[in-house]
Amino acid sequence: MKDLNDIMAMAQNVQAELEKAQASLDTIEVEGQSGGGLVKIRASAKGRIIGVDLDDSLLQPSEKQMLEDLIAAALNDARAKADAASQGEMAKLTSGMPLPPGFKLPF
């Protein structure tokens with residue numbers, strides 16, 4: 001059985017790796033789309049919105065409601081992709097750890 005010092009050292013290593021993984025999430029970019037690419041949202045895997053790209057054909061007053069719906073859909077798509085990228089990065093980090101089923105990091 002490992003002694004307390006070994007367990008504490010392992011916990012500190014895990015914490016350092018988690019911090020590094022969290023920082024790297026802001027450098028991973030995903031792109032959400034809607035309307036067949038008429039609206040594109042770029043976001044970090046941490047969920048920070050980086051940019052919005054709107055097709056010129058949508059910039060008409062009569063298209064306002066549709067544009068709002070497409071932006072919301074693209075934001076949701078980008079968020080889903082950011083969540084997937086974040087989970088993938090965390091899975092890489094925890095792949096070698098003996099964690100119980102369903103245990104999620106960070107706490």
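The first residue in the sequence is number 1, and the count goes up from there.
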Which salt bridge (charged side-chain N to carboxylate O under 4.0 Å, His left out) pairs, counting each pair once, include a residue from [range], with sequence neighbours left out?
range: residues 48-60; result: D26-R48
range: residues 70-85; result: D77-K81, R79-D83
range: residues 33-47; result: E29-R42

Looking at [atom1] of [X] and [atom2] of [Y], how far apart are the two atoms once the value is rounded to the nearest 0.5 Å?
X: L75; Y: S34; atom1: CG; atom2: OG; result: 8.5 Å
X: L38; Y: L67; atom1: CG; atom2: CG; result: 9.5 Å
X: N13; Y: M10; atom1: CG; atom2: CE; result: 9.0 Å
X: L25; Y: E89; atom1: CG; atom2: CD; result: 6.0 Å

Item to check | Least distance between heavy atoms, A45 atom then A85 atom | outcome: CB-CB, 3.8 Å
Checklist entry - Between I41 and A74, which heavy-atom pair has the shortest distance, and what is it? => result CG1-CB, 3.3 Å
Next on the checklist: Is there a continuous path of hydrophobic side-chain contacts, each under 4.5 Å between heavy atoms, that joins I50 to I71?
Outcome noted: no
Checklist entry - Under a single-linkage definition using a 4.5 Å side-chain heavy-atom cutoff for Ile, Leu, Val, Met, Phe, Trp and Tyr, are V52 and L58 assigned to the same hydrophobic cluster? => result yes
Checklist entry - Should we say atom CE of M8 is surrounded by more than 12 heavy atoms from elsewhere, each under 6.0 Å from it? => result no
